[in-house]
Amino acid sequence: PINVAKREHLVSASIGITVFNQHQATDPENLIQQADMAMYRAKDSGRDTYAFFDADMHREASRRHQLEGRMRHALERGEFRLFYQPKARLSDGEVTGVEALLRWQPEGEALVPPNEFIPVLEETGLIVPIGAWALQEACAQMVRWEQSGGLRQPLRLAVNLSARQFRHQDLVEQVSTALAQSGFDPRRLE
């Protein structure tokens, strides 16, 4: 414990370790990156511990970097999709609304699981423009369904927003724009 201003504070450390191998051409910056990856692995393992860098960390970092690069252009290529999950009243099973769920399907590939791509969207900030697109598209889809007679009754629409979107200064404008452009009833948006 450390006493600061008459208060006791506990300090712990997470340590990332990498080993210099003279047979590999490893520059100082690369060694620091490897130690950083190992430190984050230690933190993910519960903190106050250590971890050694290994090849799996490098493969995971490379895969994540590649995923991020592909997602940067996925919106303009039309690779994001919204799936609509019905929301039903328990008492009688009546569908009262839908929840819009973001999915990513790179061209010619299977759907990428949300737990793989959404954290990357969050960390890179891409969640803000993609989230704005999802909100706009979900509102527009509801109006298209209503106008085509595809709904027996008006439904509520739930659209998930990330914490990063809530902190973004244009959130109110994004919601207002989505509602105004689509004509969707704001009283039915959750």
Side-chain angles (χ1 to χ4, degrees), residues 37 40-41 43-47 59-190:
M37 283 187 244
Y40 284 111
R41 172 73 56 87
K43 285 182 175 185
D44 289 344
S45 298
R47 301 180 179 261
R59 280 191 291 277
E60 174 61 24
S62 294
R63 187 190 70 74
R64 192 171 178 96
H65 182 70
Q66 181 186 27
L67 193 67
E68 177 184 333
R70 292 172 65 204
M71 277 194 298
R72 289 202 176 275
H73 301 287
L75 186 58
E76 62 198 42
R77 288 190 304 256
E79 295 177 349
F80 286 104
R81 310 260 186 277
L82 291 179
F83 285 38
Y84 297 89
Q85 178 173 294
K87 294 172 69 176
R89 196 171 32 237
L90 287 176
S91 61
D92 59 8
E94 180 73 24
V95 174
T96 59
V98 294
E99 178 180 6
L101 303 172
L102 181 66
R103 297 295 181 258
W104 179 36
Q105 186 170 16
E107 188 175 334
E109 297 180 33
L111 286 170
V112 177
N115 62 329
E116 288 186 25
F117 75 88
I118 290 184
V120 178
L121 290 178
E122 290 276 356
E123 291 169 19
T124 60
L126 290 170
I127 194 71
V128 174
I130 292 169
W133 169 84
L135 178 65
Q136 176 69 42
E137 179 59 28
C139 290
Q141 180 61 60
M142 292 297 288
V143 171
R144 286 191 298 269
W145 282 337
E146 290 170 0
Q147 290 174 345
S148 72
L151 299 178
R152 290 189 316 207
Q153 64 188 26
L155 298 176
R156 298 187 64 75
L157 169 65
V159 179
N160 295 313
L161 299 176
S162 76
R164 194 161 193 157
Q165 286 174 276
F166 274 106
R167 290 191 302 267
H168 196 268
Q169 61 189 6
D170 293 336
L171 177 62
V172 172
E173 184 179 325
Q174 287 177 2
V175 173
S176 297
T177 299
L179 291 167
Q181 288 180 354
S182 67
F184 187 65
D185 181 355
R187 294 170 296 183
R188 296 192 353 250
L189 179 64
E190 297 175 1

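Residues: numbered from 1 along the sequence shown.
With contacts defined as side-chain heavy-atom distances shorter than 4.5 Å, the pair T177/L135 does not qualify. By the 4.5 Å heavy-atom criterion applied to side chains, E79 and E109 are not counted as neighbours.
Taking SG of C139 as the reference point, atom CE of M142 lies at 8.5 Å (rounded to 0.5 Å). With rounding to the nearest 0.5 angstrom, the CD atom of E122 is 8.5 Å from the OG1 atom of T124. How far CZ of R72 is from CG of L67: 11.5 Å, rounded to the nearest 0.5 Å. Within the model, atoms NZ of K87 and CG of L157 stand 9.0 Å from one another, a figure rounded to the nearest 0.5 Å. Going from atom CD of E68 over to atom CG of L126 covers 7.0 Å, rounded to the nearest 0.5 Å. Note that the CZ atom of R164 and the CD1 atom of I127 stand 9.5 Å from one another [nearest 0.5 Å].
Under the 3.5 Å distance criterion, the side-chain polar atoms of Q136 are left unmatched by any main-chain donor or acceptor of Q174.
Of all heavy-atom pairs between S182 and V143, the closest is O-CG2, 3.2 Å. Scanning all heavy atoms of the two residues, the minimum distance from R103 to P114 falls at NH1-CG, 3.4 Å. Smallest separation of non-hydrogen atoms from Q153 and V95: NE2-O, 3.1 Å. The two atoms that bring P106 and R70 nearest to each other are CB-NH2, 3.1 Å, heavy atoms only. For the residue pair V159 and A100, the shortest heavy atom distance occurs at CG2-CB, 4.3 Å.
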- Message: Pair L102, L82 - check side-chain contact (heavy atoms from CB on, under 4.5 Å), show working.
- Response: CA-CA 5 Å; L102 181 66; L82 291 179; 4.1 Å; yes
- Message: Assess the residue pair L155 and Y84 against the criterion (side-chain contact (heavy atoms from CB on, under 4.5 Å)); give the C-alpha distance rounded to whole Å, side-chain angles, the decisive distance to 0.1 Å, and a yes or no.
- Response: CA-CA 12 Å; L155 298 176; Y84 297 89; over 6 Å; no
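Under the rule for a salt bridge (charged side-chain N to carboxylate O under 4.0 Å, His left out), R81 has no partner lying at least two apart in sequence or in another chain. Taking the side chain to side chain donor-acceptor pair (under 3.5 Å) definition, one finds that Q105 meets it with nothing, sequence neighbours left out.
Within 6.0 Å of the OH atom in Y40, the count of heavy atoms belonging to other residues, nucleotides or ligands does not exceed 12. Surrounding CZ of R77 are more than 12 heavy atoms belonging to other residues, nucleotides or ligands, all under 6.0 Å away.
For E190 and R156, the salt-bridge test passes: some basic side-chain N is under 4.0 Å from an acidic carboxylate O.
Below 30°, between 30° and 60°, or above 60°: for W104 and F117 the angle between ring planes is above 60°, a perpendicular geometry.
In this model, a donor atom of one side chain and an acceptor atom of the other lie less than 3.5 Å apart for R144 and Q141.
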